Amino acid sequence: MKYEPLKRHLESLFSRGEVRLEFAEIERILHFPLPRSARTHQAWWSNTRAGHSHAAAWLDAGWKTAALDLAARKVSFVKESVGSGLAEQGSPFRHQNEETIALPTKALGERALRMLDEHVKTHGGDRASACIALLDQLANDRLAAMVEWFQNASPRSTVDAVDLIREDRDSDER
């Protein structure tokens, strides 16, 4: 793959959330000059994988383009989960203030890891998506339990809703 050196370089920056590179730095990493379209067209830097091996390189490494300055010949890359980039048509966009929660796997117990792995095995995805799905399910289960507790703790109504509606309707007719 022609852009593999860029991919490997970005992968080596796993501890950083954003990196700004000059086009000349990218050319040194690649060992060849960027095409003219990279210097003149914002769309070249879009995060479109199909038919664009250069974009596939940074996307496969887990990065997206964020800020582009064609005049200064600089581009910023952000980790894919961080909040901004170039839309597929090349127009700038920003995610809503997206917060990332990092959870080291060593902070989880053995049973929690088995639960995540079982979820991945059953539903696909990765441990991060499994963690999100399981936390959402836990929140829904807690809400359902709270509603059930409230219903059980509340006194039962002896009034029939149909009778209330009928009574209200009959009083309007008078």
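Note that the coordinates shown come from a computational prediction; the quantities given were computed from them, not determined experimentally. Residues: numbered from 1 along the sequence shown. Quick note: numbers below take in every heavy atom, side chains included, and nothing from hydrogens, waters or symmetry partners.
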Validation row: L113, R127 side chains within 4.5 angstrom (heavy atoms):
yes
State, to 0.1 Å, how close A55 and T48 come at their nearest heavy-atom pair, and which atoms those are.
CB-O, 3.3 Å
Any side-chain heavy-atom pair from T105 and L116 closer than 4.5 angstrom?
no
Taking every heavy atom of W58 against every heavy atom of W44, the minimum-distance pair comes out as CH2-O, 4.0 Å
Cationic N near anionic O, under 4.0 Å, R114 to E110
yes
To the nearest 0.5 Å, what is the distance between CZ on R73 and CD1 on I26?
12.0 Å
Has E4 got a side-chain atom pairing as donor or acceptor with M1's backbone, closer than 3.5 angstrom?
no
Keeping W63 on the side-chain end and L10 on the backbone end, is there a donor-acceptor pair under 3.5 Å?
yes
Take the angle between the ring planes of Y3 and H54 and call it parallel below 30°, perpendicular above 60°, tilted in between.
perpendicular
I need the minimum non-hydrogen distance between P5 and I29, along with the two atoms involved.
CB-O, 3.3 Å
Less than 4.5 Å apart, side chain to side chain, heavy atoms only: is that true for L13 and H9?
yes
Residue pair E25 / R20: nearest heavy atoms and the distance that separates them
OE2-O, 4.3 Å
Rounded to the nearest 0.5 Å, how far does CG of L134 lie from NE2 of H119?
4.5 Å
Show your working on side chain to side chain contact (heavy atoms under 4.5 Å, CB included) between D60 and R49 and close with a plain yes or no.
CA-CA 9 Å; D60 288 348; R49 182 183 304 276; 2.3 Å; yes
Between the CZ atom in R142 and the CG atom in L138, the distance rounded to the nearest 0.5 Å is 6.5 Å
Does the N47 side chain pair with the main chain of L59, one donor and one acceptor, at a distance under 3.5 Å?
no
Quick one: does E27's side chain have a donor or acceptor within less than 3.5 Å of a partner on L34's backbone?
yes
Give the minimum heavy-atom separation between W45 and T65, together with the two atoms involved.
O-OG1, 2.7 Å
Quick one: CD on E148 to CE on M146, what's the gap to the nearest 0.5 Å?
12.5 Å
